[in-house]
There are 2 protein chains.
Amino acid sequence: MMAPNMKDVAKRAGVGLGTVSRVINTPHKVSPPTRLKVEKAIKELGYYSNEIARTLKTRNTRNVALVLPSIWHPFFSGFAYYIENYLDEQNYRLMLCNSDGKPDKEVYYLEMLKEKKVSGIIAITYNQIDDHISSDLPIISFDRHFKDDVTCVTSDNLKGGEIAAKTLHETGAKKLAYVGTINNRIDSEVKYRRIGFENYVKAHGIDHFIYTVEDPIRDYDAFLDTFFKRHNDREGVFVENDNLAKKLIKKAETLNIKIPEQLKVIGYDGVEETEFFEPKLTTIKQPLEAMAKASVEALIRIIETGPKVERIVLPVELKQGKST
Amino acid sequence: MMAPNMKDVAKRAGVGLGTVSRVINTPHKVSPPTRLKVEKAIKELGYYSNEIARTLKTRNTRNVALVLPSIWHPFFSGFAYYIENYLDEQNYRLMLCNSDGKPDKEVYYLEMLKEKKVSGIIAITYNQIDDHISSDLPIISFDRHFKDDVTCVTSDNLKGGEIAAKTLHETGAKKLAYVGTINNRIDSEVKYRRIGFENYVKAHGIDHFIYTVEDPIRDYDAFLDTFFKRHNDREGVFVENDNLAKKLIKKAETLNIKIPEQLKVIGYDGVEETEFFEPKLTTIKQPLEAMAKASVEALIRIIETGPKVERIVLPVELKQGKST
DNA sequence: CTGTTAGCGCTTTCAA
DNA sequence: TTGAAAGCGCTAACAG
């Protein structure tokens with residue numbers, strides 16, 4: 001009545017325990033006749049090997065935690081989708097961990113590594129948790145660096161910022177602005193979007209303004225309101241991410257500013273989240289799938305062959321919409 | 001150098017193995033002085049207990065698989081968010097499984113139960129997989145029934161359909177329509193949205209038309225095009241879900257049909273997915289969080305205290321927008 | 001190529 | 001209240 005185990009299979013097939021294990025893990029090391037006997041017994045008993053017991057021996061749970069603020073955000077759910085796909089391809093499974101951006105939850109999930117609940121972690125975190133991260137742990141960090149460096153995967157934020165500035169300028173916007181956040185608590189890669197933008201406008205002597213507030217934004221409406229009040233002469237604006245860009249466009253509409261005639265807008269992310277948004281947003285598209293693939297591959301490399309710190313930067317591209 | 005185990009702790013604390021185990025699992029069964037000794041040793045060694053080994057003994061992985069078509073859909077990612085929250089509250093973890101709606105992947109993930117990779121499954125499936133489901137397995141099905149009944153969680157689709165019909169009619173639409181799909185392969189609860197709608201219009205002698213196509217919809221544009229060509233006299237339409245409703249509204253706009261003046265539209269789901277969609281959609285809101293909570297609670301009940309089939313139907317409510 | 005055996009780290013009787 | 005010991009189901013080293 002109880003689920004059969006390997007011993008039951010061995011008995012039924014009239015072979016030793018090890019032979020059954022070999023049929024399952026290294027079938028080529030078993031002679032065809034014995035293999036057949038064992039496979040027959042497995043089928044007859046409806047045997048499934050117990051992953052828990054295997055893991056106790058092999059020490060690899062084949063579980064990976066994806067720690068992120070909230071799966072309920074299109075960018076993250078798209079990322080999670082691809083991560084799960086690539087993990088599954090390598091016979092790994094994805095543990096979903098919503099941190100809500102809270103430091104204690106981020107740490108809490110990182111501890112799963114110690115309890116052997118997972119073999120590795122892909123982390124998208126926004127708090128000061130450097131003490132819990134170390135370069136010999138199987139951790140991939142997304143879009144950020146830690147004191148003790150770990151492998152980091154990002155899109156080419158610097159280039160993205162440059163492309164945005166270039167595009168705005170070349171489509172006729174003379175007075176530009178960057179709208180986004182700054183984060184003094186952690187070493188986020190997102191800042192390079194601004195730096196890339198600045199590099200370009202400075203190199204070309206373009207009139208520009210950097211409009212930022214400390215992350216996270218508490219009051220979007222006030223933030224955007226002030227922007228338009230103080231800088232209503234801008235003709236092109238590069239916004240830190242698509243979500244904020246859309247809010248900015250909606251705000252502009254209430255002020256009767258025509259997009260793109262009076263104001264050109266470029267966002268950053270490029271996830272197909274809102275087929276219904278109008279005007280279709282011009283944006284710097286992150287290679288979501290490639291980033292997921294790179295994250296998974298780097299992590300599994302670490303899990304299976306030991307620590308190795310890399311810095312993986314993937315190319316972005318301009319996705320033309322109707323907002324420029 | 002290797003991570004310390006329970007034996008190391010026992011040695012350091014000068015107690016037996018069992019005592020350490022007791023300190024961790026049933027501290028009240030250990031005398032305070034010994035407990036203190038053990039706790040000290042645990043801290044000094046930086047010991048974390050190994051979940052894998054524990055599971056081999058206790059047989060509960062405390063992992064739950066959430067099988068769904070794609071996390072990359074706002075309704076599912078919202079659901080997953082809450083599921084993970086409630087699971088975590090009970091010290092369970094969520095394994096994310098994207099099936100892409102493919103039968104073989106659905107089955108593949110269901111098999112994880114047999115390999116003891118997970119202790120239970122919450123399944124949102126769309127294929128003929130009844131042979132792999134049985135009422136004594138720890139499975140919760142979302143929005144559908146199986147041959148061998150398992151606990152099913154749904155929103156009150158029937159009532160939702162009635163409310164939609166009633167609302168459309170009472171706001172002045174005389175000629176109504178239902179737009180959606182039918183599924184002959186599986187026993188989906190979604191059909192009750194249509195049935196509730198029909199119940200109401202028939203009971204009140206309201207002019208109506210049921211416009212459906214076999215699930216899944218291959219060509220949305222053709223589907224909606226035909227609807228408007230053949231039934232352009234409709235004044236109110238209840239659409240099977242918000243996503244389809246939005247597509248229908250966009251289609252109507254291209255035909256210069258004014259929403260809600262010429263056509264009132266009500267959707268179903270009510271997930272805050274598109275703060276930017278206009279006109280704001282009137283919809284039947286599913287109690288996403290309550291459904292997640294109920295699913296988790298029912299599943300853990302089954303995992304921890306044995307099989308029990310329930311039918312859990314949660315109340316819906318009208319969420320007023322600008323499309324009616 | 002195959003059988004036997006010693007653990008993996010923990011929980012849980014069973015005696016003491 | 002505690003320690004000793006017997007597994008949980010599997011893998012892998014070893015001997016044959």
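Please read these numbers as outputs of a predicted model, since none were measured by experiment. Letters go in sequence order (proteins before strands), and every chain restarts at 1.
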* **dC10(D) OP1/OP2 closer than 4.0 Å to side-chain N/O of Ser21(A)** => no

* To do: Give the nucleotide from the list dT2(C), dC10(C), dC8(C) with an atom nearest to the side chain of Leu17(B).
  => dC10(C)

* Nearest to side-chain heavy atoms of Met2(B), which nucleotide of dA6(C), dG9(C), dT2(C) -> dG9(C)

* To do: Kindly state which residues belonging to residues 39-53 of chain B come within less than 4.0 angstrom of DNA chain C, counting heavy atoms of the residue only, listed by number.
  => Tyr47(B), Ser49(B), Asn50(B), Ala53(B)

* Asked: Of the nucleotides dC10(D), dA13(D), dC10(C), which one has an atom closest to the side chain of Arg54(A)?
  -> dC10(D)

* Using a cut-off of strictly less than 4.0 Å, decide whether Asn25(A) has a side-chain nitrogen or oxygen near OP1 or OP2 of dT11(D). => yes

* Please determine, for the side chain of Arg22(B), which listed nucleotide (dA13(D), dC8(C), dA4(D)) has the closest atom? => dA4(D)

* Give Ser31(A) one of three labels, base, sugar-phosphate or nothing, depending on what nucleic acid heavy atoms sit under 4.0 Å from its own. => sugar-phosphate

* For Val15(B), which contact category applies under a 4.0 Å heavy-atom criterion: base, sugar-phosphate, or nothing? -> sugar-phosphate

* NZ of Lys116(A) versus P of dG9(C): gap in Å, rounded? -> 9 Å

* Residue mapping more 5' on DNA chain D - nearest nucleotide basis, Leu56(A) or Gly18(A) -> Leu56(A)

* To do: Take atom NZ of Lys11(B) and atom P of dT2(D), then tell me their distance rounded to the nearest Å.
  => 20 Å

* To do: Please determine, by modelled atom types, if Tyr82(B) and Asn98(A) share a side-chain donor-acceptor pair under 3.5 angstrom.
  => no

* Asked: Looking only at atom types and distance, does a side-chain atom of Thr151(A) sit under 3.5 Å from a main-chain N or O of Glu310(A), one as donor and one as acceptor?
  -> yes

* If you find the nucleotide of DNA chain D closest to Arg59(B) and the one closest to Lys29(B), which residue's nucleotide is nearer the 5' end? -> Lys29(B)

* Asked: Taking the side chain of Met6(B) as heavy atoms from C-beta outward, which of dT2(C), dT11(D), dC10(C) is closest to it?
  -> dC10(C)

* Check: Gln128(A) main-chain N/O paired with Arg185(A) side-chain donor or acceptor under 3.5 Å -> no

* Asked: Contact class for Val30(A) (heavy atom, under 4.0 Å): base, sugar-phosphate, or nothing?
  -> sugar-phosphate

* To do: Mind running salt bridge (Lys or Arg N to Asp or Glu O under 4.0 Å) on Glu189(B) and Arg311(B) for me, showing each step along the way?
  => CA-CA 12 Å; Glu189(B) 287 279 319; Arg311(B) 174 176 158 76; 3.2 Å; yes

* Between Phe75(B) and Phe79(B), what is the ring plane arrangement, given parallel below 30°, perpendicular above 60°, and tilted in between? -> parallel

* Structure fact -> In whole angstroms, the gap separating P of dG9(C) from CD1 of Ile24(B) amounts to 14 Å

* Rounded to the Å, how far apart are Asn5(A) CG and dT11(D) C1'? -> 14 Å

* For Asp148(B), enumerate each residue passing the salt bridge (charged side-chain N to carboxylate O under 4.0 Å, His left out) test, keeping only those at least two apart in sequence or located in another chain. => none

* So, Asp143(A) and Tyr126(A): side-chain donor and acceptor under 3.5 Å apart, yes or no? -> no

* Asked: Please give, in whole Å, the distance from dG3(C) P to Lys7(A) NZ?
  -> 16 Å

* **Atom pair distance, as rounded to whole Å: NZ in Lys57(A) and P in dC10(D)** => 13 Å

* For Asp8(B) and dG9(C), give me the distance from atom CG to atom P, rounded to whole Å. => 9 Å

* Any side-chain heavy atom of Thr125(B) within less than 4.5 Å of one from Ile186(B)? -> no

